Number of protein chains: 2
Amino acid sequence: MSEPRLRADAADNRARIVEVAREVVAGSEELKLNAIAKRAGVGQGTLYRHFPTREALLAEVYRHDVEELVATAPALLAEHDPITALARWFERLADYARVKRGVLAAVEVGVWRDLTARSLGPIGEALTALLDAGRAAGVVRPDVDARDVILLVGYLGRLEEQEWDTRARHLLQVVLDGLRARP
Amino acid sequence: MSEPRLRADAADNRARIVEVAREVVAGSEELKLNAIAKRAGVGQGTLYRHFPTREALLAEVYRHDVEELVATAPALLAEHDPITALARWFERLADYARVKRGVLAAVEVGVWRDLTARSLGPIGEALTALLDAGRAAGVVRPDVDARDVILLVGYLGRLEEQEWDTRARHLLQVVLDGLRARP
DNA sequence: CACGCTAGCGGACACGTGTCCGGTTGTCAC
DNA sequence: GTGACAACCGGACACGTGTCCGCTAGCGTG
């Protein structure tokens, strides 16, 4: 289960890649992988070994943000009824997704990776907690899981900037209604 | 409104490109654009002039299927109540989407193109008809349009083959419930 | 410290996409 | 028919992605 521990230079390279990637997305330049490699002073091979896909890199870059997002779930549940908590959580997700497009991809890949590994993983746990609470209260339909929800809100990633204001929040509401238990 | 009419050779090339593309997708080979160009006996420039994006080509390739899909909407409305009609239409869409992945992209780009051109276009009209009927009967929420729905069902395009059976239909139901008018 | 084994390196390469532009060829007016 | 002009052609090119593999150098051992 525990990683075989990286060699010193490898860990170094990995860290430098992530750092450069973070700078790049922070400057809202687009993420060109071989450029990242060059700027990090490593070959492409190195980059691709550490992060087999673009999403893997994004997942690492946004890990902090994702963890932040995950952390809000319990707090929301403590303060609100399950449906409201879920709604609020969606809003947070939307806020992230708007500014940092990559975060959505990171979440998607994360949930998928985790679910197939049969361990929910942080995001899965957060979402599952929200869903479970709703189910327990009889306000969320019993037949949906974290992956389902992620699939549904995935439209956020395909939204054009200009239609964000009119559609993002609004469709989140539609999704939420779909997740409710049918009376 | 009417296209300026193509030059003879241009029309010819265009037709041949589409034909080849159709063969390729029929053989379930993947669509490599420059390969299409070569097999159609034209340069890439020509291909890209006729179809600026991959989606544009797919839209043409699947136009027939899409029109078929569109045509079912009135029939469904005549036979069923609006919600059932919408549900059935979703199922058709899912059937297409499963077999011909490209059709989803074609629908998405079509709806988007049409909506921005302020003329709904065939798919938009079909969906709008379904939604309107539901609205009129008070069973569909009044604040959603065709683009909204397409965005929501877009998850079909990101579904892994293996999870299709467990999730596709099921999530369609969730979306449908979300589209219902709140009692 | 020296040695060897192997994890890790990194850049050349193969491939797909999409653009650009000099040359060609339909088409229409006369 | 013929000329001229625009529409159209097509392939070279620039770029990004992802793979592969011969070489390098970190790290544990004696």
Side-chain angles (χ1 to χ4, degrees), chain A residues 1-25 27-61 101-102 105-106 108-109 112-113 157-158, chain B residues 1-25 27-61 101-102 105-106 108-109 112-113 157-158:
Chain A
M1 197 93 280
S2 67
E3 313 297 316
R5 202 171 117 254
L6 244 35
R7 229 168 65 181
D9 54 344
D12 213 49
N13 277 334
R14 189 186 155 89
R16 215 161 53 253
I17 290 169
V18 174
E19 186 187 353
V20 170
R22 230 185 288 268
E23 281 171 20
V24 168
V25 303
S28 69
E29 311 160 49
E30 54 182 317
L31 195 81
K32 285 179 269 189
L33 297 195
N34 61 7
I36 300 287
K38 182 170 288 184
R39 274 169 65 164
V42 303
Q44 278 116 291
T46 304
L47 192 160
Y48 280 101
R49 192 163 349 90
H50 285 300
F51 306 99
T53 68
R54 161 186 305 276
E55 283 71 32
L57 178 53
L58 282 176
E60 186 58 32
V61 167
R101 284 303 174 98
E108 283 193 325
V109 74
W112 180 236
R113 191 221 300 118
R158 276 165 299 138
Chain B
M1 196 96 278
S2 66
E3 314 295 316
R5 202 171 115 254
L6 245 34
R7 229 168 68 175
D9 55 344
D12 214 47
N13 278 334
R14 189 188 155 91
R16 218 162 49 253
I17 290 170
V18 174
E19 188 187 350
V20 169
R22 230 185 289 268
E23 283 170 19
V24 167
V25 302
S28 67
E29 312 159 50
E30 53 183 318
L31 197 80
K32 285 178 271 189
L33 297 195
N34 62 7
I36 300 286
K38 182 170 287 184
R39 276 169 64 162
V42 303
Q44 280 117 288
T46 304
L47 193 160
Y48 280 99
R49 193 161 350 86
H50 284 301
F51 305 100
T53 68
R54 160 186 305 275
E55 282 70 33
L57 178 54
L58 282 175
E60 186 59 31
V61 166
R101 285 305 175 95
E108 283 194 325
V109 72
W112 179 237
R113 190 222 300 117
R158 275 164 300 139

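A note on names: the letters A, B, ... follow the listed sequences, proteins ahead of strands, and every chain is numbered from 1. The structure displayed is predicted, hence computed values, not measured ones.
- Proximity of T46(B) to the phosphate of dG10(D): a side-chain N or O atom is located under 4.0 Å from OP1 or OP2.
- Checking dG10(C), dA7(C), dA7(D) against the side-chain heavy atoms of R7(A) singles out dA7(C) as nearest.
- Between the NZ atom of K38(B) and the P atom of dG16(C) there is a distance of 10 Å, rounded to whole Å.
- L31(B) is not listed as a side-chain neighbour of V61(B), based on a closest heavy-atom distance of 4.5 Å or more.
- Contacts of R54(A) with the nucleic acid, taken as non-hydrogen atoms under 4.0 Å apart, involve only primed sugar atoms and P, OP1 or OP2.
- When side chains are defined from C-beta on, Y48(B) counts as touching L33(B), because their heavy atoms get closer than 4.5 Å.
- Contact annotation: Y48(A) does not reach the phosphate of dT19(D) (side-chain N/O to OP1 or OP2, under 4.0 Å).
- Phosphate contact (OP1/OP2 of dC9(C), side-chain N/O of N13(A), threshold under 4.0 Å): present.
- Using a 4.0 Å heavy-atom distance criterion, L31(A) is classed as a sugar-phosphate-only contact.
- A donor-acceptor pair is defined here as one N or O able to donate and one able to accept, closer than 3.5 Å; no such pair exists between the side chain of R16(B) and the backbone of V42(B).
- In this model, no side-chain donor or acceptor of Q44(B) finds a partner on the base of dG10(D) within 3.5 Å.
- Here the side chains of R39(A) and E23(A) are in contact, with some heavy-atom distance below 4.5 Å.
- Residue D9(A) is in sugar-phosphate contact alone, with no base atom involved, counting any heavy-atom pair closer than 4.0 Å across all strands shown.
- OP1 or OP2 of dC9(C) sits under 4.0 Å from a side-chain N or O of H50(A).
- The nearest heavy atom of DNA chain D to A35(A) and to G45(B) marks one nucleotide each, and the one closer to the 5' end goes with G45(B).
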